[in-house]
Structure formats: structure tokens, C-alpha cells
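The structure appears below as C-alpha cells.
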There are 2 protein chains.
Amino acid sequence: MTATATVPQTPKRPTPEPATATALKLFVVLARAQQAISERVEGSLVSHGLTHTEFAILEALYHKGPLLLGEVQRKILVSSGGITFLVDKLANRGLVERRLCPSDRRARYAALTRKGEALMAQIFPAHADAIREAMAGLSRAEQKQATALLKQLGLAASAASPESAKRG
Amino acid sequence: MTATATVPQTPKRPTPEPATATALKLFVVLARAQQAISERVEGSLVSHGLTHTEFAILEALYHKGPLLLGEVQRKILVSSGGITFLVDKLANRGLVERRLCPSDRRARYAALTRKGEALMAQIFPAHADAIREAMAGLSRAEQKQATALLKQLGLAASAASPESAKRG
DNA sequence: GGCTGTCATCTTAGTACTAAGATTATAGCG
DNA sequence: CGCTATAATCTTAGTACTAAGATGACAGCC
């Protein structure tokens, strides 16, 4: 690890074309906003010993009821190995259980246990509040506007990308 | 691992209050859009054997010139251990080098090597193109609108959150 | 019924990064 | 000058998840 003494200077780089510069700017701002929001909201999950992804699983089951592991996987966008790992962890904590599927012996449903239901009933309202507060930098109308723009953006980006469909 | 046979059913959950529902929706859409965009853009980095974070370091150095490790860290929002780890990796690949700081014997500058400069000159235009294409779901005006909204959102979320300032 | 391609989940090895802490150096005060 | 609090970077142990692959089951065709 050789370190060299020098004085730093800002380099000259080619200026991007305006349409590209606009896209680059949005890219950076989008990533920053998402990170800031996530960190803000994740704070309320840490105190319950839950990662963002674990919570996402609990939330999906809470609102949708029992789901096949593959359905959960596709809903929260994790790998197949990841869903096994995460459901194992939640099952070990007694929050989730696996159930047989009557029509397909390969498949398994993940479902909240009573303990998991109780936990979600307790923490989901606070989580929703944390999200509401995190979004308070925008008015309700602005939030709807942002939602419409981002939905359009996300759908277009997903539609043209094979990566979004491949996860496992 | 006990699995129980059952028929899945959708549960009844309390309906969130409208302002909260709007915020929840934006939260989901924001995360989805960010993930779709990231996956789309990261595809072009993988072929060069670079992770998103590695590339972010290279890009920061490419545009700003040599930076103290702590400056890089704060710019790309990683932990202090992370910056050491990542700069080590990039240095081992000959893309980045550490340089002494004349005024502070604790500090180190990270700087692109000639090899790193050449790589960035090669791949940054393609990366910028990938971003432009990923954002093509929105018109230029819509991109600017989204940028303004997200900037406001991100700044407000960061300002009220101590987590964004703590990264060590 | 047998066969083949595909699917659902699990297993395994690996990695990108974090949190906590250690070490050395600096800044500021008395 | 000495002391103390703080700062910059590195070290270490750990973890959340991925990619690749394995295993058993299902669907559809002949």
C-alpha cells in the first residue's frame, strides 16, 4: 500500500449533453431521496429487531394472508435462497410458519402465526406513521404527483429491463 | 420445520387514513422505481467487474479529483470501514491509489491512477447513456419535475433524521 | 404410462458492506 | 507545554442477502 504525497486538484471532464445531464441529476437525486427515506423509516424497525426485508415479508403476509414462498419472493423482490433464509429466521422467531399446499407438494405457504399477527397489529401503525412523517417534505398533492411520475418511470424501466424479471 | 395444510384467505385489515395511504403508496412506488432503475443501470457496470459502490467511488474521483477518504465516504454514504475495504479493492486492481496529505498525517487522499482514469474515460459515457435510457419513461420536463420533488423530499427527510448524518 | 422439460423450494459457498472498536494524530484550552 | 476531547483511518467480527446449483414434484406430450 504505497501512498504518495500530492496536492489535489479538480480535473476537467467533458460536459454531458443537456438531456443526459438531466437524467444524471434525476438519478442522483432519486437515489439520495430513497436512501434518506429508507434510513428514516428503518429506524422504527430496528427497535423490533427486524430488517427492512423481514418486515416486508411480515407486511405482505399481514395484508394478503398466506402466500406461497414464490409469491412472497416476487412481491418483495428477493432471491429464492433469500426467501428461504428469511422465512427460516422469522419461523425461528415464531412469527411465521410454513404450511403445506394441498394442490402442489413442492410448494409451501408462508403465514403469520398468532404471535406474528399480534406483532404486526402493534407495529404497523407506527411504521405507517413513520412513513407519513418521512414524506412530510411534500404536500399531499405533491406526494400524488411524485407517485404518478415515479410509477411511470418505474414501469418503463422495468418493462425494458430483463433484470427485473430475473431473481433467483 | 412443521408445515401445516390450510387454504389461504385474505385477511381484513384496518384501512389507513387517506393522508397516510398516500404516503404509503409513495413509499412503495419510490422503492420500486429506485430498484428498477438501479438494476437497469447496474447491468452496465457488472461487465466491468464493478459494484455500484465501487463505481461511485471511481466516479467521485473522476469528477472531483483526489479526495480524502472521509470525503469520499461522506459523498457516497458508506461506513468508514467500508471506504477502507473498497479503496483497498480498487487499489489492488490498480485503479485507485492512496496519497499522503501534507497537512494531516492521519489523512489519506484517494486518487485515480492512469489506469483508473482510462477506465472511467471508457465506461462513463456508456454509464451515462444507460442512465439516460433508464429515465426515458419520463420526458425531459417530467424528469426535471421529478427531480425537484424528490430533492425537496430527500432534503426534508434528511434534515429531520439524525441517521443520515451518522455513518461510521 | 413413460418421458422430458419446467417449476418450487432448499442448500451451499460466497461477498459486499456494517458496526464496533483500536490506533495515531490534531485542535483547542488553560 | 500538557492535557483532553475529537478526528481520520484502519481492523475485526459479523450479517444480510445473492448466485449457482441440487432435489423432488408437476405439466404436457406422445
Side-chain angles (χ1 to χ4, degrees), chain A residues 1 3 8 35 38-39 42-43 45-46 49-58 66-93 96-111 163-168, chain B residues 1 3 8 35 38-39 42-43 45-46 49-58 66-93 96-111 163-168:
Chain A
M1 215 61 71
Q35 182 151 8
S38 292
E39 285 174 359
E42 268 169 18
L45 303 180
V46 172
L50 291 170
T51 65
H52 150 69
T53 320
E54 286 169 345
F55 181 80
I57 293 175
L58 294 177
L67 296 168
L68 295 175
L69 290 200
E71 286 174 328
V72 184
Q73 178 189 341
R74 286 186 291 275
K75 220 165 214 12
I76 68 172
L77 301 173
V78 296
S79 64
S80 81
I83 204 68
T84 301
F85 169 73
L86 290 156
V87 167
D88 279 354
K89 286 213 303 177
L90 293 171
N92 286 339
R93 286 176 65 176
V96 165
E97 65 185 2
R98 282 174 168 82
R99 296 182 187 162
L100 296 184
C101 171
S103 55
D104 188 338
R105 285 172 42 198
R106 300 169 299 182
R108 291 291 181 272
Y109 285 102
E163 305 293 336
S164 299
K166 184 180 63 174
R167 175 74 65 173
Chain B
M1 214 63 71
Q35 182 152 6
S38 292
E39 284 174 3
E42 268 168 19
L45 303 181
V46 172
L50 291 169
T51 65
H52 151 70
T53 319
E54 284 169 346
F55 182 80
I57 293 176
L58 296 177
L67 296 168
L68 294 176
L69 290 199
E71 287 174 328
V72 184
Q73 177 188 341
R74 285 185 292 277
K75 220 166 214 12
I76 67 172
L77 300 174
V78 296
S79 65
S80 80
I83 203 67
T84 301
F85 169 73
L86 291 156
V87 168
D88 279 354
K89 286 212 303 175
L90 293 170
N92 286 340
R93 287 176 64 175
V96 164
E97 66 186 2
R98 282 175 168 82
R99 296 183 187 159
L100 296 183
C101 173
S103 56
D104 189 337
R105 286 171 44 196
R106 300 168 299 182
R108 291 290 181 275
Y109 283 103
E163 304 293 333
S164 299
K166 183 180 66 174
R167 178 73 65 170

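Because only heavy atoms are used, hydrogens play no part in the values below, and waters and symmetry mates are left out as well, while side chains stay in. Chain identifiers are assigned alphabetically (A, B, ...) following the order of the sequence lines, protein sequences preceding nucleic acid strands; residue numbering begins at 1 within each chain.
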- Which of these nucleotides, dT26(C), dT18(C), dT18(D), is closest to any side-chain atom of V78(B)? dT18(C)
- Which of these nucleotides, dT26(C), dC10(C), dC10(D), is closest to any side-chain atom of L69(B)? dC10(D)
Interatomic distance where [atom1] belongs to [X] and [atom2] belongs to [N] [whole Å]:
X	N	atom1	atom2	answer
F55(A)	dA16(D)	CZ	C1'	18 Å
R98(B)	dA8(D)	CZ	P	16 Å
E97(A)	dT9(C)	CD	C1'	18 Å
L45(B)	dA16(C)	CG	P	14 Å
R99(A)	dT9(C)	CZ	C1'	18 Å
K89(A)	dT15(D)	NZ	P	9 Å
L67(B)	dA8(D)	CG	C1'	15 Å
E54(B)	dT15(C)	CD	P	12 Å

Base, sugar-phosphate, or nothing for [X], non-hydrogen atoms under 4.0 angstrom?
X	value
I83(A)	nothing
T51(B)	sugar-phosphate
G70(A)	sugar-phosphate

- Task: Go through the N and O atoms of the side chain of R106(A) and the base of dC7(C), and report whether any donor-acceptor pair is under 3.5 Å.
- Result: yes
- Query: Is there a donor N/O on one and an acceptor N/O on the other, under 3.5 Å, for the side chain of R105(B) and the base of dA25(C)?
  - Reply: no
- Message: How long is the straight-line distance from OG1 of T51(B) back to CG of L86(B), given to the nearest 0.5 Å?
- Response: 6.0 Å
- How many angstroms lie between atom CG of N92(A) and atom NZ of K89(A), to the nearest 0.5 angstrom? 10.0 Å
- Task: Write down the atom of K75(A), the atom of L67(A), and the distance for their closest heavy-atom approach.
- Result: CD-CD1, 4.1 Å
- Item | Shortest non-hydrogen contact from L77(B) toward Q35(A) | CD1-OE1, 3.6 Å
Think [X] has a side-chain N or O under 4.0 angstrom from the OP1 or OP2 of [N]?
X	N	value
T53(B)	dA16(C)	no
S80(A)	dT18(D)	no
R108(B)	dC10(D)	no

- Message: Here's a test of your reading of the structure: between F85(A) and A107(A), which maps to the more 5' nucleotide of DNA chain C?
- Response: A107(A)
- Note on the structure: The bend of the helix from dG1(C)-dC30(D) to dG30(C)-dC1(D), taken between the axes of its five terminal pairs at each end and rounded to 10°, is 20°
- Query: Closer to the 5' end of DNA chain D via nearest nucleotide, is it L86(A) or L68(B)?
  - Reply: L68(B)
